[in-house]
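Have a look at the structure below before the remarks.
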There are 2 protein chains.
Amino acid sequence: MSDSNSTGPARPTGPTGPASPATLAAPVASADAAVRDAQDRFIAAWAQMGSAWGIPRTMAEVHALLYIHGEAMNTDDVMARLAVSRGNVSMTLRALVDWGIVFRVHHRGDRKDYFVAEQDVWKLFRTIIRERKKREFDPLLDALRDCRDLGGAARAPAGREHTARVDELLDFIEMVDRISERFISPTGIGLQVAARLLGKVS
Amino acid sequence: MSDSNSTGPARPTGPTGPASPATLAAPVASADAAVRDAQDRFIAAWAQMGSAWGIPRTMAEVHALLYIHGEAMNTDDVMARLAVSRGNVSMTLRALVDWGIVFRVHHRGDRKDYFVAEQDVWKLFRTIIRERKKREFDPLLDALRDCRDLGGAARAPAGREHTARVDELLDFIEMVDRISERFISPTGIGLQVAARLLGKVS
DNA sequence: GTTGGATTTCAGAAACGATTGAAAATTGGA
DNA sequence: TCCAATTTTCAATCGTTTCTGAAATCCAAC
């Protein structure tokens, strides 16, 4: 059941019909199959990475599919390709749009919504980092500052040691924070510069 | 039950008995309570961050406790402080030791095992990055290379576009890989250099 | 070799997050 | 305005991961 329907309903991307000459049919089909296998491999790898980093498997799969497919797909395309439910695809696509790494596009004369993934890898990672920083990093910094102040109120040695430990962590995380801020800044030149400079150090 | 045993079995670090003068008992108790509250806050914040990044909650909590407590603790200390089962603590401590961010120490004349967390924040993050790179990044790179070769075998335009997309991602990830390698290298000077340089760029 | 405290293991339970599917809401067109 | 296609929502379900607790194992001291 895995291969039989794979060449069927899963490529409704509009004008690129399967109307190629019969002489090319067999080679094209095998080339398509090869590409599809490679896509599957890509999707699996990306999903595995995602779930190791706290991203729901399906969300990573949908993103991987849209990225590697390159062209816009609609809900039904994604459902058919990944075999997940309509509701799940709907929620997942919305989440990806919220993250800013997938965009909703409209095709004239088609009431369906289509979705494309950000194709610029640098922009992709800048966006991901910006979001994760906002959602996880900044709250952690706030909590650590609270926590330092809480323990710092105590004059006992234990309190001072506590504060020192929190401070060490805080300093480090604030540094990472500043670096990531530079990376995600509009010009986004930070990491490129860093990469170049690091490359030169022996 | 939270405060009463805090001065009891929770600091078994040898000869430092609870023999402080009665005149200091009240202030010290309140200072201890403040520190404990601050520790709790720290543990909660660290656990939240951890679970956003795919680390089991208990594992993050145990690590946070050992880090913020600073001194060695045994299984019973951790069980009592975090209210988790013996089995869970045992498995979690083993995992933390495997990660290399917690160490097993022995106290003479005590058959229990004690555990301390790495206190050097730079070393801590270097170790974490080294492990995550090894466990997640490197396999992803391998999979992406496979996947590029798979799709690249097809000469069809779709195959070439596929390969181009995988390559873009691969280039980016390889760059991050090289940076992280520099960061985790024995001297570990990489990020410090980057931080300094980035700090100077306007 | 035996004892007894400490640790580890692991099958089952509990908790949690992910997924479904059908009903409700929305939307563009007639 | 109404209709039909499409999307969204959400309670129920499912599957996975995590946690427990007691039994098995380990190990230092005697």
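All values derive from a computational prediction rather than experimental measurement. Numbers restart at 1 for each chain; the letters A, B, ... are given by sequence-line order, proteins then strands.
- Distance CG (B:Asp113) to C1' (D:dC27): 11 Å, rounded to an integer number of Å.
- Pairs passing the side chain to side chain donor-acceptor pair (under 3.5 Å) check and including a residue from residues 164-174 of chain A, sequence neighbours excluded, read A:Arg145-A:Glu174, A:Arg148-A:Asp167.
- The CZ-P distance, from B:Arg94 to D:dC26, rounds to 12 Å in whole Å.
- Rounding to whole angstrom units, NE2 of residue A:His107 and C1' of D:dT6 are separated by 16 Å.
- To the nearest 0.5 Å, atoms OG (B:Ser51) and CD (A:Glu136) are separated by 9.0 Å.
- Take B:Ser85 and apply the side chain to side chain contact (heavy atoms under 4.5 Å, CB included) test, not counting sequence neighbours, and it matches B:Asn88.
- Note: CE (B:Met79) to P (C:dT7) measures 11 Å, nearest angstrom.
- One interatomic measurement links the two molecules: CG of A:Asp110 to C1' of D:dT6, which rounds to 10 Å at whole-angstrom precision.
- For the ring-ring contact (aromatic ring centres under 6.0 Å, His included) test, no residue two or more places apart in sequence or in another chain qualifies with A:His106.
- Look at CZ on B:Phe115: it is 13 Å from P on C:dA6, rounded to the nearest Å.
- Looking only at distances, no side-chain donor or acceptor of A:Glu61 sits under 3.5 Å from a matching main-chain atom of A:Ala44.
- Evaluation of the side-chain hydrogen bond (donor to acceptor under 3.5 Å, both in side chains) rule for A:Asp138 yields A:Lys133 as partners, not counting sequence neighbours.
- In this view, A:Gln48 satisfies the side-chain hydrogen bond (donor to acceptor under 3.5 Å, both in side chains) rule with no residue, not counting sequence neighbours.
- Rounded to whole Å, atom P of D:dA4 lies 17 Å from atom NZ of A:Lys112.
- For B:Arg178, there are no side-chain hydrogen bond (donor to acceptor under 3.5 Å, both in side chains) partners two or more places apart in sequence or in a different chain.
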Pairwise N/O distances under 3.5 Å, protein to nucleotides 18-20 of chain D:
{"unit_1": "D:dC19", "atom_1": "OP1", "unit_2": "B:Thr58", "atom_2": "OG1", "d": "2.3"}
{"unit_1": "D:dC19", "atom_1": "OP2", "unit_2": "B:Thr58", "atom_2": "OG1", "d": "3.3"}
{"unit_1": "D:dC19", "atom_1": "O5'", "unit_2": "B:Asn88", "atom_2": "ND2", "d": "3.3"}
{"unit_1": "D:dT20", "atom_1": "OP2", "unit_2": "B:Ser85", "atom_2": "N", "d": "2.8"}
{"unit_1": "D:dT20", "atom_1": "OP2", "unit_2": "B:Ser85", "atom_2": "OG", "d": "3.0"}
{"unit_1": "D:dT20", "atom_1": "OP2", "unit_2": "B:Asn88", "atom_2": "ND2", "d": "3.2"}

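- Scored by the side-chain hydrogen bond (donor to acceptor under 3.5 Å, both in side chains) test, B:Arg111 finds no partners at all (sequence neighbours excluded).
- Residue pairs meeting the ring-ring contact (aromatic ring centres under 6.0 Å, His included) criterion with at least one member in residues 124-144 of chain A, sequence neighbours excluded, are A:Phe125-B:Phe172.
- Contact check of residues 42-49 of chain B against DNA chain D (heavy atom, cut-off under 4.0 Å) returns no residues at all.
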Close N or O pairs between protein and nucleotides 25-30 of chain C (under 3.5 Å):
{"unit_1": "C:dT27", "atom_1": "O2", "unit_2": "A:Arg111", "atom_2": "NH2", "d": "3.0"}

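- Remark: A:Lys123 pairs with A:Glu118, A:Asp120, A:Arg126 by the side chain to side chain contact (heavy atoms under 4.5 Å, CB included) rule, at least two apart or across chains.
- Taking atom CG of residue B:Leu93 and atom P of nucleotide C:dT7, one finds them 10 Å apart after rounding to whole Å.
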